[in-house]
Amino acid sequence: MATIFSRIVAGEIPCHKVAENDEFFAFLDINPVALGHTLVIPKKEVDYIFDIDDPMLGRMMAFAKRVAHAQESAIACKRVGLAVMGLEVPHAHIHLIPITKESDMYFGGKKLEISQEKLAEIAAKIQKEYK
Ligand code: 5GP
């Protein structure tokens, strides 16, 4: 059965898309820990990120880098932090999180409540900056 993220890529489940190329897809996390919290995934289904072969993992990181630069341009932050967990969704993904302080990357707390309109606005801003 397709993962929830494959269903997002297929357009069966809505998302706020940020960027896409032949191999990878980036979209806003549904439960953001910070404004602009984005997930980068391979379109090919792989559960564990460290099972991805070296060349593809390199391309995934290069794609994530371009998304991160777009986030930096679109959202006020000091840096974009990167995290990999994969405990919830068995489809490899990188969390890219605009941060100004360490605690902005805390996953154990209450998630931000952001309206769909605001999420759409944030996604459009990042998308516009993606080069
Ligand atoms: P992890 O697997 O890295 O522990 O966490 C999975 C992440 O995917 C979580 O931050 C969660 O909010 C996000 N997520 C789970 N389901 C969906 C979904 O249907 N849409 C979006 N946009 N994000 C999701």
For residues 98-110, run the donor-acceptor check on the side chains, cut-off 3.5 Å, and write out each pair with its distance to 0.1 Å, sequence neighbours left out.
residue, atom, partner, partner atom, Å
Thr100, OG1, Asp104, OD2, 3.1
Lys101, NZ, Asp104, OD1, 2.8
Asp104, OD2, Thr100, N, 2.8
Asp104, OD2, Lys101, N, 3.1
Lys110, NZ, Glu113, OE2, 3.1

Hydrophobic cluster membership, with links at side-chain heavy-atom distances under 4.5 Å among I/L/V/M/F/W/Y: are [X] and [Y] in one?
X	Y	value
Tyr48	Met85	no
Ile97	Tyr130	no
Leu28	Phe24	yes
Val18	Leu112	yes

### Query
How would you list, by chain and number, every residue that makes a side chain to side chain contact (heavy atoms under 4.5 Å, CB included) with Glu129, sequence neighbours excluded?
Ala70, Ser73, Ala74, Lys131

### Val84: side chain to side chain contact (heavy atoms under 4.5 Å, CB included) partners, not counting sequence neighbours
Ile49, Leu82, Ile94

### Query
If we only count heavy atoms from C-beta on, is the Phe5 to Phe25 side-chain gap below 4.5 Å?
no

### Query
Just wondering, more than 12 heavy atoms not from Lys111 lying within 6.0 Å of its NZ?
yes

### Task
Not counting sequence neighbours, which residues clear side-chain hydrogen bond (donor to acceptor under 3.5 Å, both in side chains) with Glu72? List them please.
His69

Which pairs of donor and acceptor atoms, one on a side chain in residues 57-64, lie under 3.5 Å apart (sequence neighbours left out)?
residue, atom, partner, partner atom, Å
Arg59, NE, Glu23, OE1, 2.6
Arg59, NE, Glu23, OE2, 3.3
Arg59, NH2, Glu23, OE2, 2.8

Roughly how far, to the nearest 0.5 Å, is [atom2] of [Y] from [atom1] of [X]?
X	Y	atom1	atom2	answer
Ile30	Ile114	CD1	CD1	12.0 Å
Lys125	Ile75	NZ	CD1	7.0 Å
Leu119	Glu121	CG	CD	10.0 Å
His93	Glu88	NE2	CD	7.0 Å

Donor-acceptor contacts, no H, no angles, side chain residues 34-47, under 3.5 Å, sequence neighbours left out:
residue, atom, partner, partner atom, Å
His37, ND1, Val33, N, 3.1
His37, NE2, His95, ND1, 2.8
Thr38, OG1, Gly36, O, 2.8
Thr38, OG1, Gln71, NE2, 3.3
Lys43, NZ, Glu20, OE2, 2.8
Lys43, NZ, Asn21, O, 2.7
Glu45, OE2, Thr3, N, 3.0
Glu45, OE2, Ser6, OG, 2.6

